[in-house]
J.: 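Just passing along the structure, written as structure tokens.
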Amino acid sequence: MALIVQKYGGTSVGSIDRIRNVARRVARFHREGHQVVVVVSAMAGETNRLLALAKEVSPNPEPRELDVIAATGEQVTIGLLAIALHELGVKARSYTGGQVRILTDNAHTKARILEIDEERVRRDLADGTIVVVAGFQGVDKHGNVTTLGRGGSDTSGVALAAALKADECQIYTDVDGVYTTDPRIVPEARRLDRITFEEMLELASQGSKVLQIRSVEFAGKYLVRLRVLSSFDDPDSTATGTLITYEEDEDMEQAIISGIAFNRDEAKISAMGVEDRPGIAYSILGPIAESNIDVDMIVQNIGASGHTDFSSTVNRNEYQKALGVLREQKEKGRFEARDIIGDNRIAKVSVVGIGMRSHVGLASEMVKALAGEGINIQMISTSEIKIAVVIDEKYVELAVRVLHKAFELEKGPEAA
Ligand code: ASP
Ligand code: MG
């Protein structure tokens with residue numbers, strides 16, 4: 001007997017039929033003798049609909065009220081799933097985040113979980129009841145409803161699994177696991193049986209949308225065993241999806257590259273011809289950070305005749321804001337620059353794999369493959385297990401296909 005947390009995303013509970021299907025799978029695990037906690041998202045599209053209602057009333061709604069509204073989506077699905085389980089003759093109870101007491105900070109619309117009181121959940125489980133918990137939401141210490149940021153139900157699932165010391169946290173979604181890359185772009189993309197937590201974290205932060213980044217961080221920190229599976233499979237399916245392991249299993253078949261991620265939500269800003277002196281990077285990055293803009297890649301050229309160029313990437317929807325900040329700083333004379341320029345038609349493509357640690361020459365293989373297609377590289381950055389390049393966004397699909405082929409990702413580790 002195991003204690004399992006299962007999280008179902010919006011498409012998995014997107015209709016009454018699908019909710020019934022979820023109930024059948026949950027009931028099967030229960031029948032097999034496991035204790036099951038289910039975390040659900042709102043029905044597909046519902047959170048968007050709710051937030052749009054608020055925007056109709058005001059262009060600038062207060063975040064506290066947005067949370068009150070957005071959290072209702074999940075309150076509907078927990079009730080529906082509990083009823084569907086009752087229909088199958090099993091005991092089930094639904095709880096909102098506040099009822100469990102998923103305590104968060106008060107950062108409305110992007111709150112962080114501080115503590116979970118798992119007492120009530122444990123009592124229900126002990127008495128054979130399936131516990132259904134609303135994802136995406138919590139409560140602050142004053143009792144205000146909070147939400148965890150878009151895609152936050154993944155984090156709710158992982159956090160509950162950590163608090164309950166669950167044997168496994170299963171994330172059911174509309175794909176049957178983590179792939180070497182997006183199969184919509186590369187039809188030969190292969191489902192991975194396993195991937196390490198570190199690789200998953202890189203893939204998620206480089207643009208793979210299978211799991212919310214914060215949930216992967218959480219899983220790594222609390223050593224939660226995570227598995228990604230399809231909720232569209234038959235409820236009796238024995239598919240095993242992709243296991244995200246927090247340790248490098250010794251018998252784990254080891255590919256050098258595990259996956260390729262890409263992100264089109266990118267933009268580049270550059271300060272050209274800035275003075276090459278101590279403090280210059282801070283005078284550029286400082287004001288950007290103070291404006292709450294996240295920067296990702298940062299590149300500074302080698303200085304020549306006292307001047308250098310400085311570039312960084314930002315999220316595309318913060319592009320105008322970032323440009324504005326730099327132009328304002330330049331006008332105020334905080335730093336001197338020949339020009340502030342930018343480009344919001346770029347994309348980032350990254351190859352990720354822990355095998356990189358013990359292999360040399362991968363960056364050269366990567367740039368060779370891109371050169372072969374005439375794709376110009378604008379920026380490169382590397383970490384121990386990742387090489388990322390910034391290219392013109394119109395080449396992103398081509399780049400992903402070419403790299404998938406160059407690294408023979410369709411073949412799997414045995415054949416490579
Ligand atoms: N319903 C929320 C959203 O759409 C949370 C989630 O689905 O994970 O972002
Ligand atoms: Mg989701």
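Counting starts at 1 for both ligands and their atoms, following the listed order. From a predicted model like this one, the values you see are computed outputs, not experimental measurements.
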J.: Distance alone, cut at 3.5 Å: any donor-acceptor contact between the side chains of Q212 and S215?
T.: no
J.: Using a strict 4.0 Å cut-off to heavy atoms of R150, name the atoms of ligand 1 that fall inside it.
T.: 3 (C), 4 (O), 9 (O)
J.: Quiz question: by atom type and distance under 3.5 Å, do the side chains of E202 and S350 form a donor-acceptor pair?
T.: no
J.: Could you tell me, atom by atom, which parts of ligand 1 come under 4.0 Å of a heavy atom of E74?
T.: 1 (N), 2 (C), 5 (C)
J.: Do any pairs count as a ring-ring contact (aromatic ring centres under 6.0 Å, His included) and have a residue in residues 126-183, sequence neighbours left out, and if so which ones?
T.: Y8-Y172
J.: Taking atom types as modelled, is there a side-chain donor on N263 or R316 under 3.5 Å from an acceptor on the other?
T.: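 No pair is found: no donor N or O on one side chain lies under 3.5 Å from an acceptor on the other.
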J.: Given G149, S41, A44, A42, which has its nearest heavy atom closest to atom 7 (O) of ligand 1?
T.: S41
J.: Against ligand 1, does G152 come closer than 4.0 Å with any heavy atom?
T.: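 Contact present.
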J.: Is there at least one pair of N or O atoms, one from G151 and one from ligand 1, spaced under 3.5 Å apart?
T.: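 Min N/O separation from ligand 1 is below 3.5 Å for G151.
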J.: State whether a side-chain donor-acceptor pair under 3.5 Å links T147 with D67.
T.: yes
J.: Indicate yes or no: does an N/O atom of D154 lie under 3.5 Å from an N/O atom of ligand 1?
T.: no
